[in-house]
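Below is one structure, written out as structure tokens, with a few remarks after it.
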Amino acid sequence: MKNGVGRHIPKELNPFVNSSDFLNHERRLIDKKKKQSKTVFLNSYKEAFDFCQIKDKDCLSFHHHLRNGDKVLQSVCEAVRNRGLKALHFAPSSIFPSYVGMIDLIKHNQITNIHTNYINGPVARMVSEGHLSGRLVMNTHGGRARAIESGDLKIDVAFLACPTVDKSGNGSGAIGPNACGTLGYAIPDLEYAKKVILVTDHLVDKLEDYQFDGEYVDGVLLVNSIGDAKGIVSGTTEITRDPVGLKIAKDCSVLIKELGLIKDGFSMQTGAGKTSLAVVNDVKQIMKKSSIHGSFASGGITKAYVDMLEECLFEHLYDVQCFDLDAVKSFAKNPNHHAMSSSKYGNPFEQDIIAESLDFVVLGATEIDLNFNVNVTTDSMGYLMGGSGGHSDIAKGADVTIIISPMVKSRIPMIKENVMTVTTPGEDVDIFITERGIAINPKRQDLIDKLKNSNIKIFTMEELLKKTYDMIGVPMSVKTSDQIIGHVVYRDGTVIDLLKKVHDDYIR
Amino acid sequence: MFRSLLFIPGNNPSMLQNADIFTSDAIIFDLEDAVSINEKDNARNLVETYLLTNKILPKHIVLRVNPVNTEFIDDDLDLLRNQKIDYLLLPKANTLSLFIMDKKLSHLEKKYGIQPIKIICLIEETKAVLEANELAGHHRVKGLLLGAEDLTSELGINRTLKGEEIQFARSQIIYAAMNHRIISIDTPYTDISNEEGLCYDAKHAAALGMKAKTAIHPNQLEIINQVFSPSQEMINWAKGVVKKSNETGRGVFQFQGKMIDKPVIDKANKIIETANKYGLL
């Protein structure tokens, strides 16, 4: 049957209806884990596997706060290989290019199913080409929290990298040789996994402030190193110098101002790319010029937001993950720089989530279509190269959702008649800004009316598509295979799109 | 005519592809100084392909060709055949090079039956500064553009932020251009990361009487457009003057405590005309 964004979804997969349909359903909660005995200190992954009695088909989860510097998932992969375990279900909150340890395990059916919110690099390539024997399920950050608390995603053992752990099993990301700041994505795993192992390279007697409560921790595994600091801090701190990116950013900040969104007490979130940083900088200049003070900024936090907090332009930062060292340091010392869990960030069934308090968000896209549906999951040939992360969560929650992108990237058009993969439904996308024009979702007549007397020219998405075709011609349609390799699951647990194997003609 | 003109090297495809999105009033496609000798053919081919294949082109297009005494000039001028170019920027302009260019253009126009080509003279030699009035009076010439880098190099002096060293050249160009009712265009500010310096330089040039300024990076355009546009305060004042003039029907009257007469009313009308042209009303 066709789901709410017009995609054919098998009935048994619970097709997506619309982004507000969760309001018609009750929150489902399994019991939070109960610790069986006092925290055990372990000396090797082998000991940890024995302690947790990990067996074939178990589900192992991880967080991605150490990003490309993570050594924990890699070490677990090695232990799985050594023990010859089969048909495991891996559930890292994201999969980064450095997670190459998974490749052999997928090849040899030691990993057969994957749950994640973002996937990039060699593992993404392998899955795209159909080498995962089971299915890939792509969640949103808030949706993963919902899936775990509801029991849709049952975790047997959570291996949680933790930069500092104390002797009671409490854990913090703020300090330690591999400090990464907040640990927001791992909170659902901590609270609901059957067994929780904190993996650390920094043990202290007692932590006064901690994000991981030792009450949920079964074991602490002390290792030489949990990560490589260089890979952990992967956010950019530089504003783009690209004239096209700067034009998009300028047009975006002018539009935000015209819509009256920059006012005392406002809140915002942006991505962490160079163009997003240019938007943040432009907003900052507008705030300073007009003496405007916002209430909070949220999301993955970068130096740009830390500076604004320190200059009292924002009262609070709500941080689910720190993107750079300045954010890590700020989180450790500034009481107004708060950690938030992925559930508090974007779980549709959680009370008073941050996503729903946002006035506006500025996000990127890989493709956008005439219905404003956004793809941030696959590239133009169908290869997996990302995923929602928090995209769908905050697009739904914020009052105004803005997508920014160049109209053409490396000769590939951004606007499609239909996106290859729907990640975020068009009903939650309000404005699309390119260097060659701005389109507003016709469903947001209120925004169109607000701009009637401004100098900002508004195009329809069809007009922008025509402009694209005038520039580069009409692209050939992309072939896909019929083999389903996974699903894109919307934040409420329904399937918004299917993921298909890349067509054999494109496998290179 | 223009407030801002952006130089784009002819051999930079990504800049060419985006030439229409920048906020400059004109784009100068450069085949000369920004293009090394072994890239000349490439640049010419790229610009030609861009002009012939792109459906959306910049509002005004200027082509900076190579000097008339180089081997490249005839091939460069061939690009004029496509009739997409509004102005030709003549480097190392002086009365002799303008004479030669005029002959070449007349020949081309006759041969291909194309409209007369308009010229902007690039004043970058001491000789040209002294000949500015004569150059401005030529029937093809619609603008004078100061090229301060080559000029100060010839003079053996350094450029400074205050720009005292080019004050005479600026004034010569401003007066010659005004005398012949053509546009005076200021030299680019070369420190692309110094917004404060650009702002000072542009304001200084505008205060002397320059009507436009060139940019070598798109990020300079916002400041240049702002400086060379009438301010909102000026527009409001001009609107008030014109309104009172129309209401009273008198040639002399008081406005905001000051005497207004015909030259002031003419100035106010000019401000409104300029503001209207740049969509500022």
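Keep in mind that this is a model prediction, so the values were computed, not measured. In what follows, every chain begins at residue 1, and chains take the letters A, B, ... in the order their sequences are listed.
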Any residue of residues 209-238 of chain B which, by heavy atoms, sits under 4.5 Å from chain A: B:His217, B:Pro218, B:Asn219, B:Glu222

Taking all atoms of both residues into account, what is the closest heavy-atom pair of A:Glu435 and B:Asn18, and its distance? OE2-OD1, 4.0 Å

Report, as yes or no, whether the 6.0 Å neighbourhood of atom CG on B:Leu52 holds more than 12 heavy atoms from other residues, nucleotides or ligands. yes

A:Lys409 atom NZ, neighbour heavy-atom count above 12 within 6.0 Å: yes

Would the number of heavy atoms belonging to other residues, nucleotides or ligands and lying under 6.0 Å from NZ of B:Lys59 be above 12? yes

Give the minimum heavy-atom separation between B:Gln17 and A:Arg436, together with the two atoms involved. O-NH2, 2.8 Å

Give a yes or no on whether B:Glu196 atom CD has more than 12 heavy-atom contacts from other residues, nucleotides or ligands under 6.0 Å away. no

How about B:Asn38: does its CG atom have over 12 heavy atoms from other parts shown lying under 6.0 Å from it? yes

Could you give the distance from NZ (A:Lys467) to CG (B:Asp20), rounded to the nearest 0.5 Å? 7.5 Å

Gap between atom CG of B:Leu281 and atom CG of A:Asn455 - 0.5 Å precision: 10.0 Å

Enumerate the ring-ring contact (aromatic ring centres under 6.0 Å, His included) contacts for residues 42-63 of chain B, please, sequence neighbours excluded, ordered by first and then second residue. B:Phe2-B:His60, B:Phe29-B:Tyr50

Any chance NZ of B:Lys277 has more than 12 other-residue heavy atoms, nucleotides or ligands included, within less than 6.0 Å? yes

Does CD in B:Glu247 sit with more than 12 non-hydrogen atoms of other residues, nucleotides or ligands closer than 6.0 Å? yes

